[in-house]
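Numbered from 1 within each chain, the chains take letters A, B, ... in sequence-line order.
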Amino acid sequence: MKAIVLYLHVHQPYRVKHYTIFDAGYDHQYFDAEYHDRTSNQRIIHKVAEKSYIPTNKHLLDLLERHPEFRLSLSITGTLLEQLREWAPEVLASFQALTATGRVEIVAETYHHSLAFFYSRQEFEAQVDMHRRLVEELFGQTPKAFRNTELAYNNELAMWAESKGYKAILAEGWDKYLGWRSPNFMYRPVTAPNIKLLLKNYKLSDDIAFRFGDQNWSEWPLTADKFTHWLNNSGEATNFGLFMDYETFGEHQWGETGIFSFLNHLPDQWLKTAGNTFMTVSEAADRIQAVDSLDIHDTVTWADTERDLSAWLGNGMQQEAIKAIYSVEQKVLSSGDLALIADWRRLQTSDHFYYMCTKWFKDGDIHAYFSPYETPYVAYIAFMNAWHDIQYRLSERGIEV
Amino acid sequence: MLGWELPPHNSGGLGVACYQLCKNLAESGADIDFVLPYDADHQISFMNITAAHPQGIAAILKSGIAYDSYKYIYEDGHEETLSVYDQQSLYEMSVARLAEQKEFDIIHAHDWLTFRAGIRVKQQSGKPLIAHVHSIESDRAGGAKGNPIVRDIEYNAFLVADKIIAVSDFTRQSIVREYGIPVEKIEVVHNSIDPQLFEELEGENTYRYLQTMKQQGYRVVVNVGRLTIQKGLTGFLKAAKLVVDHRPKTIFLIVGNGDQYEELVTLAADLGIGRNVLFVGFQRGSRWRDAFAVADLFVMPSVSEPFGIVALEAVGYGTPVLMSRQSGVSEVLQNALKVDFWDEKEMANQMVGALSSQPLLDEMLAGSTREYNQMSWVGSANKIMGLYAEHQGAAA
């Protein structure tokens, strides 16, 4: 039996508006840009809902109804769920309709899509708990598998996930760690023998997520038929990890590219062959035996050609900004000011650091596309000004900064 | 090639740009006869340089830094300093005379002072005219209309020219807006810089006082340029006031002279930041180079800057840049802070943000230095050689 493990990551941050040093001390709203501003979170939710969330969920629900074997997994961040609740409740309801079929699994992660694992274990666990509670409340299920922000994975994270009772964890199927081995099998972390390690097949995933609409690509146009043919002829395999941003459908790849038609036909084509099926990540962990263990000491992510955290933490501004945020952790938490704590947590979202990335001339295109700021420098200035206001609010409460 | 100045006898960017451009055009095989309105030895071997002497004039000498300060020495020995309008009329007549004796395929004229001469030679010879625009009158007037005589000369040249070259897209848009010239007639050929001609810093920085203040926690912001309305210093000082309110340990170093000098000194005092703003006048040599080097941030707040090579010079001396979007250089330098010249509050916000964060300054400098080191005039020269080939063919 061969299973496609389709896993889609759904996320939007709370972008910091054009926030100046003259606002610090006066205006404590960092995320409420004017509707037509590039940093307006509400406008972006509306835009992405229309282009991606609404049509994609419609197709996914249709697929679930048409194919009893179709399954998928989603991770949806707390920052997105909050925004959907406020500005697009119909989209939230459409996600709930998917999980109500019983064949859509929600994967655990940090509520704020943060890099807290690398800076504060206490804060990291608090955010994973917050996310679990929200998923239980909205979707009536308790996550059993874990993915970290940007698929940032290492041996230590696997140990943590095992200790918390997860049955599976997700990571990039990166050649550097696999060597001659194929990502199309089940593995276990060398440090956590009791859980399964599911890998992303980055080549197949990126064929859909990045190359699908590229008319200069030698395989363009990619049809479900051709794609299924590749899977069926890729030799021995138990599972194909197709991991990607949910927004691939309709936002990164516009509807005009034919991406929805591809999504619609993929299960039709794949399920034509006996023994082919779909599994959620936990099902795959339950049903597929691990063939080997993987030793991943250094952090691997799903980003860029480096597959590391350099897009978030690679330059001095990013380092400065993230250190500043975690330097006030104890003070913010001890303030008892819930609005302050909430704002501080929203500032931990990894996207803020991504916007400060200066790797313009290499992976620059992707970074520029996803940034609402003119340059990484103004992204940094707005972020640090918000941080200065956090300091102001602390000192206003009599806390020494 | 018709030009008004060349280094070292130049008042600003025009002379440097002409020099660099001609050097690279000559290397690409162009045979250039450069006609200047004055006599001087430029020690230039890659092209022929001729002074256009009106009849009866023995010598024309540069007598100051401004581009209109030429002294005319007559054959009978008497001397006279003419207005810039008279000068450019005399230049027109002398160039027309010179052109009769020369062989050439293309007339390439730089800015309004040479445009009438360019038009005259085109009429006389039937050769194609390329009008190269380093700035237009509305730039020099800081966004106002400016002098109607000059506007007239520019307008005629743009109508008559076979092709117009603008040093930036910003300038191309200005020409379209001010003169209604069809955008297709205008080609953008960006100015550049040659990192190999960089004059090294040497010895101790001449701004010893500022070095000491920096050790006391002060940060230094520098502006280098003429003190005229075009350069946007009024808004800059208002922004400086906001910065000082927030960050008292900031010093603004202003290098340059101009008609706004007294007005700006008074404004700084009125704003209560007299102690934070240093006016050091026009400088050359090490004091010019050291001004960039001593600063933590270079700010170019221009109201209307066709190119703004000084921003690239700042990067060359190791200083990151904040510049107005109303500039050509902002089209070619990505790793910089950019602001609308009128948005004083945002200018101040960005200055405070930069001065408060060494990582930001370091990152901008690293990025802009990378860009700077890749710059050269070769691409610009190639583009112009292409235009020459196109128009030479059309004329034949």
Are B:Ser304 and B:Asp139 linked by a side-chain donor-acceptor pair shorter than 3.5 Å? yes
Scan side-chain atoms only and decide if A:Thr149 and A:Thr110 contain a donor-acceptor pair under the 3.5 Å cut-off.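 Yes, a side-chain donor-acceptor pair sits under 3.5 Å.
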Is there a side-chain contact between A:Ile390 and A:Val332, using heavy atoms and a 4.5 Å cut-off?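 A:Ile390 vs A:Val332: side chains touch.
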Hey, does B:Val167 have a side-chain heavy atom less than 4.5 Å from the side chain of B:His190? no
Please report the interatomic distance CD1(B:Ile229) to CG(B:Leu233), rounded to the nearest 0.5 Å. 10.5 Å
Under a 4.0 Å N-O cut-off, is there an ion pair linking A:Lys359 with A:Asp304?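 Yes, A:Lys359 and A:Asp304 are salt-bridged.
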Applying a heavy-atom distance below 4.5 Å, give me the residues of residues 307-331 of chain B that approach chain A, sorted by number.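 Result: B:Arg325.
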Enumerate by number any residue of residues 355-363 of chain B whose heavy atoms lie under 4.5 Å from heavy atoms of chain A; in the absence of such residues, state 'none'.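 Residues B:Ser357, B:Pro359, B:Leu360, B:Glu363 are the ones that qualify, each having a heavy atom under 4.5 Å from chain A.
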Counting only heavy atoms closer than 4.5 Å, note whether A:His18 contacts chain B via side chain, backbone, both or neither. side chain
Can you tell which part of A:Asn385 gets under 4.5 Å to a heavy atom of chain B, answering side chain, backbone, both or neither?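 For A:Asn385, side-chain heavy atoms alone lie under 4.5 Å from chain B.
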Qualifying residue for side chain to side chain contact (heavy atoms under 4.5 Å, CB included) with A:Ile21, from B:His246, B:Lys345, B:Arg247, B:Met351: B:His246
Chain A contact via B:Ala336 - side chain, backbone, both or neither, heavy atoms under 4.5 Å: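 The backbone, not the side chain.
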Ring center gap for A:Phe383 and A:Phe353 short of 6.0 angstrom: yes
For atom CZ of A:Arg121, decide whether the heavy atoms of other residues, nucleotides or ligands shown that lie under 6.0 angstrom number more than 12.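 Count over threshold, so yes.
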Can you see whether A:Tyr14 has A:Arg346 sitting over its ring - NZ or CZ less than 6.0 Å from the centre and within 45° of the normal?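 Judged by the rule, A:Arg346 and A:Tyr14 form a cation-pi pair.
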With a cut-off of under 6.0 Å to the ring centre and 45° to the axis, is B:Arg289 in cation-pi contact with B:Phe198? no
